[in-house]
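Values below: every heavy atom of this structure, side chains too, minus hydrogens, waters and symmetry copies. Chain identifiers are assigned alphabetically (A, B, ...) following the order of the sequence lines, protein sequences preceding nucleic acid strands; residue numbering begins at 1 within each chain.
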2 protein chains.
Amino acid sequence: MDISKEIRQRREELGISQELLAEVSSLSLRTLKTLESGKGNPTLASIKKLTEVLGLELKIQVKSNEESRSL
Amino acid sequence: MDISKEIRQRREELGISQELLAEVSSLSLRTLKTLESGKGNPTLASIKKLTEVLGLELKIQVKSNEESRSL
DNA sequence: CCTTAAAGTGCTATATGTTGCACCTGTTGT
DNA sequence: ACAACAGGTGCAACATATAGCACTTTAAGG
């Protein structure tokens, strides 16, 4: 799933508003709105601010080879 | 591990130079150098360009509660 | 020694992410 | 209908990521 959608989904699961999330994660409300609506190209720092507050973690790993099997 | 270090490690595993990686991922060599040396704040787009070429995937997931157990 | 390849860095210009403000829409409750 | 709340968006200012260039350092190989 898209990162922006994951963030929105997680925020909604926690039942908090964009305004509150922006405040506690020290990210501007404007930036959060842009990010969640999938229109921006956020910096890693912005994403980390949100993941820390939301209890999410960003992992980078070797891709599982699904498309290799399909050929 | 840090994302910048993961990217460098993966590039070295594949045995390619920064110059080649920058070229095939349509990212400037300057930006890749900055990123790998851990000095920048890359955008999500830059990270995605690299992960796609390197066969890596960026995943965002609920944090496993290690620190909850330690208390 | 010299040459080549790979990586790091200062400088600069350009592109764009971040931010605040104002305003609009849609929803909920009275 | 009106008010309050949550979310989306255009605009402009500021901060900074991206990019190219030149130069340096280090390591490997002749």
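A donor and an acceptor atom sit less than 3.5 Å apart, one in the side chain of R30(A) and one in the base of dG10(D).
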For each nucleotide in nucleotides 25-30 of chain C, reading 5' to 3', give B when a protein heavy atom comes within less than 4.0 Å of its base, S when such contact involves only the sugar-phosphate, and - otherwise.
------
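When each of V53(A), L14(A), L27(A) is checked for a side-chain contact (heavy atoms from CB on, under 4.5 Å) with L21(A), only V53(A) meets the rule. The salt bridge (Lys or Arg N to Asp or Glu O under 4.0 Å) with E36(A) is formed by just one residue from the set K5(A), R11(A), R10(A); it is R11(A).
Residues T34(A) and R30(A) bring a donor and an acceptor atom of their side chains to less than 3.5 Å of each other.
The separation between L27(B) atom CG and dA17(D) atom P is 14 Å, rounded to whole Å. If you measure from atom CG of L35(B) to atom P of dG8(C), you get 11 Å, rounded to the nearest angstrom. Spacing between atom CG of L32(B) and atom C1' of dC21(D) amounts to 17 Å, rounded to whole angstrom units. Taking atom CD of E36(A) as the reference point, atom P of dA6(D) lies 14 Å away to the nearest angstrom. In this structure, K33(B) atom NZ and dT24(D) atom P are separated by 16 Å, rounded to whole Å. Per the geometry, CG belonging to L14(A) stands 17 Å off C1' belonging to dA6(D), to the nearest Å. Atom C1' of nucleotide dG7(D) and atom CZ of R11(A) are separated by 8 Å, given to the nearest angstrom. In this structure, E19(B) atom CD and dA5(C) atom P are separated by 9 Å, rounded to whole Å.
Residue T31(A) is in base contact, counting any heavy-atom pair closer than 4.0 Å across all strands shown. Among the heavy atoms of the strands, none lies under 4.0 Å from L29(A). T34(B) comes within contact range of no nucleotide atom at all, as no heavy-atom separation falls under 4.0 Å.
Between R8(B) and the phosphate of dA6(C), there is no side-chain N or O to OP1/OP2 separation shorter than 4.0 Å. Contact annotation: Q18(B) reaches the phosphate of dG8(C) (side-chain N/O to OP1 or OP2, under 4.0 Å). T43(A) has no side-chain polar atom (N or O) that falls below the 4.0 Å cut-off from OP1 or OP2 of dT16(D).
Taking the nucleotide of DNA chain D with the nearest heavy atom to each of S28(B) and S17(A), the more 5' of the two is matched to S17(A).
More than 12 heavy atoms of other shown residues, nucleotides or ligands fall within 6.0 angstrom of atom CD in E12(B).
Under the 3.5 Å distance criterion, the side-chain polar atoms of T51(A) are matched with a main-chain donor or acceptor of I47(A).
With contacts defined as side-chain heavy-atom distances shorter than 4.5 Å, the pair L29(A)/Q18(A) qualifies.
Taking OG from S25(B) and CG from L54(B), the interatomic distance works out to 7.0 Å, rounded to the nearest 0.5 Å.
Checked against dT9(D), dG17(C), dT18(C), the side chain of N41(A) finds its nearest nucleotide in dG17(C).
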